[in-house]
Engineer: 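Shown below is the structure under consideration.
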Number of protein chains: 2
Amino acid sequence: MAQQPANPLAEQVYIRIKDEIFDFHLLPGDRFTETDLSLRLGVSRTPVRDALYRLRREGYLEVGYRSGWSVVPFDFERFDELYDLRIMLEETAVERLCQVEGEQPLAGLKAVWLVAEDQRETDSHKMAALDEAFHCTLVEAAGNREMLRVHRELTEKIRIIRRLDFLKDNRISATYDEHAKILRLILRRKSTEAAILLRSHITQSKNEVRKITLHMLHEARGAMQRGSEMASAR
Amino acid sequence: MAQQPANPLAEQVYIRIKDEIFDFHLLPGDRFTETDLSLRLGVSRTPVRDALYRLRREGYLEVGYRSGWSVVPFDFERFDELYDLRIMLEETAVERLCQVEGEQPLAGLKAVWLVAEDQRETDSHKMAALDEAFHCTLVEAAGNREMLRVHRELTEKIRIIRRLDFLKDNRISATYDEHAKILRLILRRKSTEAAILLRSHITQSKNEVRKITLHMLHEARGAMQRGSEMASAR
DNA sequence: GAATTCTTATTTGTATGCAAGTTTGTATTT
DNA sequence: AAATACAAACTTGCATACAAATAAGAATTC
């Protein structure tokens, strides 16, 4: 019943390459060719090309005219701008949620974030996923599909550095506290306060990310790989 | 010196098909195949496919698994949501522009919009282009490239109906008046008033668009075609 | 006559072939 | 020894060939 994706192979290749970028197997600046990939993945160049061009349009890769592909280097200014866009989208979402009459569609969030301390998640990977889900749900509940689409794309693009944020565990508990506060404010329709808190919450993440240097990236690379080895070993 | 686009043929095909959609040569619901297009345009299926998949990702086309392509039908709710997204982006831009110290980078706009009545543009095509440029410039001047990118994509997506707005010529003079007011408010750093006026200005366009029925679309098709014939005949 | 099944033609997804242009390594020259 | 010129190998962009799945139509059955 689940309808087949448009071109299955290209989709798989897309996910695979993106994962390799996010797991820092493919590092910013790395160069490779279409033939490399098609041999390594065991498919022809056609689906590989489809996936590569998609990733190019999304800003992850660049291609030189007959001179190969490369992973685009990190651009921290761009991340800053994405965070600002994110603040704008989520603030708008929160304001709309506070104006909504009747029950707000945020029941799922309560079950995750309004829990006792010993119920909290500690794994940084899972925490990153929960954090994403929290913010996406806010935007989704606001009911504008285009804003949701933009927010989703944006979320994908900052995921690579957002994951690094949760490697410090004080960030995990801080996130729990702030999410809980924001959620309570929304449920009580304190629009302005919720928006202010949300803005400072995201700004904090943004500032944490600023501190991330290339040195930290390499440290993180190790952590990520150990993490995924552990994950795949169970 | 102008660097070659990544794949020239695919790019041309992309522009061509998009134009055909916007000029209502390809109507919502129309079906076609890759081979059709490749024969009609005289290129192979490869660049055609590249272009089609790009248009699909942008929401203009859909493809059935081994059963051909079709132009997606109009979704007026989606247009509404795009207009709301647009309001949010431009309001933010205006607020930022009012906070900027020193000279604002809006000199170009003054020359276009703060002119005597007899200097005003009357052609609906050119008017639509000027209107687009006005709003894009606002966002661009605010300095966030990601917001600008989203705004550009959005502008592309509503262009198809925005053009219809200026077929009524009272909309042209109203637009001139409102743009002039907004611009003056920004230059005088009246942030709140500028934002309010901008919001109502865009909302008006949004409401005009709501009135557009499929019947109007067909009328407009004639006008568009006559327009482009006249344009190409001189 | 209507519904159903099977066959055939159509359509996209994937693989491969070819050509134009770039890069890289080598040989030659100064 | 350094720089330059040249050639061969690569790399992408586009075209074409093939395969799998779908849709449409004809034949058949009730």
Side-chain angles (χ1 to χ4, degrees), chain A residues 1-21 25-73, chain B residues 1-21 25-73:
Chain A
M1 198 58 55
Q3 67 172 351
Q4 190 144 187
N7 22 8
L9 268 187
E11 182 75 16
Q12 272 185 271
V13 172
Y14 168 82
I15 293 171
R16 173 74 182 270
I17 301 174
K18 197 161 166 181
D19 282 346
E20 293 195 1
I21 294 174
H25 285 106
L26 277 175
L27 283 172
D30 277 359
R31 303 185 64 174
F32 58 92
T33 75
E34 295 173 5
T35 317
D36 285 347
L37 271 176
S38 74
L39 290 176
R40 190 153 67 83
L41 304 182
V43 297
S44 85
R45 274 180 58 214
T46 308
V48 168
R49 277 173 58 83
D50 290 349
L52 291 180
Y53 275 103
R54 187 170 159 196
L55 287 162
R56 188 177 89 106
R57 285 206 56 78
E58 292 173 1
Y60 297 105
L61 301 177
E62 54 192 12
V63 58
Y65 189 56
R66 272 152 234 254
S67 86
W69 292 79
S70 62
V71 184
V72 302
Chain B
M1 200 55 57
Q3 67 171 353
Q4 191 149 184
N7 14 8
L9 266 187
E11 181 75 15
Q12 270 187 274
V13 172
Y14 168 81
I15 294 171
R16 173 75 181 269
I17 301 173
K18 197 162 167 182
D19 281 347
E20 292 194 3
I21 296 175
H25 285 105
L26 278 175
L27 284 171
D30 277 359
R31 303 185 62 174
F32 59 92
T33 73
E34 295 174 6
T35 317
D36 284 347
L37 270 177
S38 74
L39 290 177
R40 190 154 66 82
L41 305 183
V43 298
S44 85
R45 274 181 59 213
T46 309
V48 168
R49 276 174 60 83
D50 290 349
L52 291 180
Y53 273 101
R54 187 170 158 196
L55 287 164
R56 187 177 91 106
R57 284 206 55 79
E58 292 173 2
Y60 297 105
L61 301 177
E62 54 192 12
V63 56
Y65 192 56
R66 273 159 232 255
S67 86
W69 291 79
S70 62
V71 184
V72 302

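Residue numbering restarts at 1 for every chain, and letters A, B, ... go by the order of the sequence lines.
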Engineer: Using atom CD of A:Glu34 as one end and atom P of D:dG13 as the other, report the distance to the nearest whole Å.
Structural biologist: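 Atom-to-atom, A:Glu34 to D:dG13, this comes out as 6 Å.
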
Engineer: Under the rule for side chain to side chain contact (heavy atoms under 4.5 Å, CB included), what residues qualify as partners of B:Ser67, not counting sequence neighbours?
Structural biologist: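 B:Arg31.
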
Engineer: Do side-chain atoms of B:Asp19 reach the backbone of B:Arg16 as a donor and acceptor pair under 3.5 angstrom?
Structural biologist: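 No; zero donor-acceptor contacts below 3.5 Å.
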
Engineer: Just the rounded figure in Å: distance from P of D:dC14 to CG of B:Leu41.
Structural biologist: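 Answer to the nearest Å: 13 Å.
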
Engineer: When you check the phosphate oxygens OP1 and OP2 of D:dT11, does a side-chain N or O of A:Trp69 lie under 4.0 Å from one of them?
Structural biologist: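 So the side chain of A:Trp69 is outside the cut-off, no N or O lying under 4.0 Å from OP1 or OP2 of D:dT11.
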
Engineer: Check each of B:Lys18, B:Glu11, B:Gln12 against B:Tyr14 using the side-chain hydrogen bond (donor to acceptor under 3.5 Å, both in side chains) test, and report the only one that passes.
Structural biologist: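 With B:Tyr14 as partner, side-chain hydrogen bond (donor to acceptor under 3.5 Å, both in side chains) holds for just one option, B:Lys18.
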
Engineer: Evaluate the side-chain contact (heavy atoms from CB on, under 4.5 Å) criterion for residues A:Leu52 and A:Val13: first the C-alpha distance (whole Å), next the side-chain angles of each, then the deciding distance (0.1 Å), finally the verdict.
Structural biologist: CA-CA 9 Å; A:Leu52 291 180; A:Val13 172; over 6 Å; no

Engineer: Donor-acceptor pairs under 3.5 Å, side chain of residues 33-42 of chain A to any protein atom, not counting sequence neighbours: which ones?
Structural biologist:
from	atom 1	to	atom 2	distance (Å)
A:Thr33	OG1	A:Thr35	N	3.4
A:Thr33	OG1	A:Asp36	N	3.0
A:Thr33	OG1	A:Asp36	OD1	3.4
A:Thr33	OG1	A:Asp36	OD2	3.3
A:Glu34	OE1	A:Arg45	NE	3.0
A:Glu34	OE1	A:Arg45	NH2	2.9
A:Glu34	OE2	A:Arg49	NH1	3.2
A:Glu34	OE2	A:Trp69	NE1	3.2
A:Asp36	OD2	A:Thr33	N	3.2
A:Ser38	OG	A:Thr35	O	3.1
A:Arg40	NH1	A:Glu20	OE2	3.1
A:Arg40	NH2	A:Glu20	OE1	3.1

Engineer: Expressed in angstrom and rounded to an integer, what is the separation of B:Leu39 atom CG from C:dT10 atom C1'?
Structural biologist: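 Rounding to the nearest Å, CG of B:Leu39 and C1' of C:dT10 are 14 Å apart.
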
Engineer: Please give, in whole Å, the distance from D:dG13 C1' to A:Leu52 CG?
Structural biologist: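 So the CG-C1' distance, A:Leu52 to D:dG13, works out to 14 Å.
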
Engineer: Could you tell me how far apart A:Asn7 (CG) and C:dG13 (C1') are, to the nearest whole angstrom?
Structural biologist: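 After rounding, the gap between these two atoms is 7 Å.
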
Engineer: I need the CG-P distance between B:Asp50 and C:dT14, as an integer number of Å.
Structural biologist: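 Result: 14 Å.
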
Engineer: For every nucleotide of nucleotides 15-20 of chain D, 5' to 3': is a protein heavy atom under 4.0 Å from its base (B), only from its sugar-phosphate (S), or from neither (-)?
Structural biologist: BBB-BB

Engineer: So which atom in A:Glu62 and which in A:Arg56 form the shortest heavy-atom distance, rounded to 0.1 Å?
Structural biologist: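 Heavy-atom minimum between the residues: CA-CG, 4.3 Å.
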
Engineer: From the set C:dT12, D:dG13, C:dT14, return the single nucleotide nearest to any side-chain atom of B:Tyr53.
Structural biologist: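 Nearest listed nucleotide: C:dT12.
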
Engineer: In whole Å, I'd like the distance from the CZ atom of A:Arg31 to the C1' atom of D:dT11.
Structural biologist: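 In whole Å, D:dT11 C1' lies 11 Å from A:Arg31 CZ.
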
Engineer: What is the distance, to the nearest angstrom, from the CD atom on B:Gln12 to the C1' atom on D:dG13?
Structural biologist: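 From B:Gln12 CD to D:dG13 C1': 13 Å.
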
